[in-house]
Amino acid sequence: QVQLAESGGGLVQAGGSLRLSCAVSGRTFSTVRMAWFRQASGKEREFVAGISWSGGSTWYADSVKGRLTISRDNAKPTVYLQMNSLRPEDTAVYYCAGSRASWGTKYDYWGQGTQVTVSS
């Protein structure tokens, strides 16, 4: 079993920055991809950013390119989401997720989420 624990959410003004962390524990060898998703009130959960554990390749939703950066530290292990130039539309609960597969859209492990609120 893999456990994911997000931290770093909070209140920030528009244009500000936050850094989210996702601590990974358990059977970490089985996880090959990590990602951040978010869910705004009244909306469906959406993909934000992803990263491959071994090679560090990243991929992003168009809405966050150039503002949000995903990275990982294989020594912890921990996945980060550096959030810059935040906008009110970034307000959402942010979830960390992991996948045992190197392809596809299915994620097997999910954290409990951390709230990010961006004021205008």
Open item on the list: How long is the straight-line distance from CZ of R87 back to OG of S120, given to the nearest 0.5 Å?
Closed with: 14.0 Å
Task: D73 and T78 side chains, donor-acceptor separation under 3.5 Å - done: no
Task: Spacing of OG belonging to S7 relative to CZ belonging to R19, to within rounding of 0.5 Å - done: 10.0 Å
Open item on the list: Less than 6.0 angstrom from the centroid, inside 45 degrees of the normal: does R33 satisfy that with respect to the ring of W103?
Closed with: no
TODO: Give a yes or no on whether V2 and L20 share a hydrophobic cluster (residues Ile, Leu, Val, Met, Phe, Trp, Tyr; joining criterion: side-chain heavy atoms under 4.5 Å apart).
DONE: yes
Open item on the list: Return the CZ to CD distance between R38 and Q115, rounded to the nearest 0.5 Å.
Closed with: 12.0 Å
TODO: Please answer whether the main-chain N or O of E44 pairs with a side-chain N or O of Q39 as donor and acceptor at a distance below 3.5 Å.
DONE: no
Task: S119 side, atom OG; L86 side, atom CG - distance, nearest 0.5 Å - done: 10.0 Å
TODO: Report the distance from atom OH of Y95 to atom SG of C22, rounding to the nearest 0.5 Å.
DONE: 13.5 Å
Open item on the list: Give me the atom names and distance for the closest heavy-atom approach of V32 to A101.
Closed with: CG2-O, 3.1 Å
Task: Distance in Å, S25 OG paired with L4 CG, rounded so as to fall on 0.5 Å steps - done: 7.5 Å
Task: Common cluster, F47/V79, ILVMFWY with side-chain heavy-atom separation under 4.5 Å - done: no
Task: Hphob cluster co-occupancy, W53 + W110, side-chain heavy atoms under 4.5 angstrom - done: no
Task: Lys/Arg cation over aromatic Y80: R72, 6.0 Å, 45° cone - done: no
Open item on the list: Just to verify, what does A14 make a side-chain contact (heavy atoms from CB on, under 4.5 Å) with, not counting sequence neighbours?
Closed with: P88, V118
TODO: Keeping the roles fixed (side chain from D108, backbone from S99), state whether a donor-acceptor pair exists under 3.5 Å.
DONE: no
Task: Residues that R67 engages under side-chain hydrogen bond (donor to acceptor under 3.5 Å, both in side chains), provided they are two or more places apart - done: D90
Open item on the list: Using every non-hydrogen atom in the two residues, find where M34 and G98 come nearest and quote the distance to one decimal.
Closed with: SD-CA, 3.7 Å
TODO: May I ask whether M83 and Y60 are part of the same hydrophobic cluster, defined by side-chain heavy atoms of I, L, V, M, F, W, Y residues being less than 4.5 angstrom apart, directly or through others?
DONE: yes
Open item on the list: Set out, in order, the CA-CA distance, both residues' side-chain angles and the distance that settles side-chain contact (heavy atoms from CB on, under 4.5 Å) for V48 and L68, then state yes or no.
Closed with: CA-CA 9 Å; V48 175; L68 276 60; 3.8 Å; yes
Open item on the list: Contact between Q1 and Y109 at the side-chain level, heavy atoms closer than 4.5 Å - yes or no?
Closed with: no
Task: Donor-acceptor under 3.5 Å (Q82 side chain, I70 main chain) - done: no
Task: Stepwise ring-ring contact (aromatic ring centres under 6.0 Å, His included) test for F37 and Y107 - done: CA-CA 11 Å; F37 289 76; Y107 284 81; 5.3 Å; yes
Open item on the list: Walk me through whether Y94 and L81 qualify under side-chain contact (heavy atoms from CB on, under 4.5 Å).
Closed with: CA-CA 10 Å; Y94 283 71; L81 185 67; 4.0 Å; yes
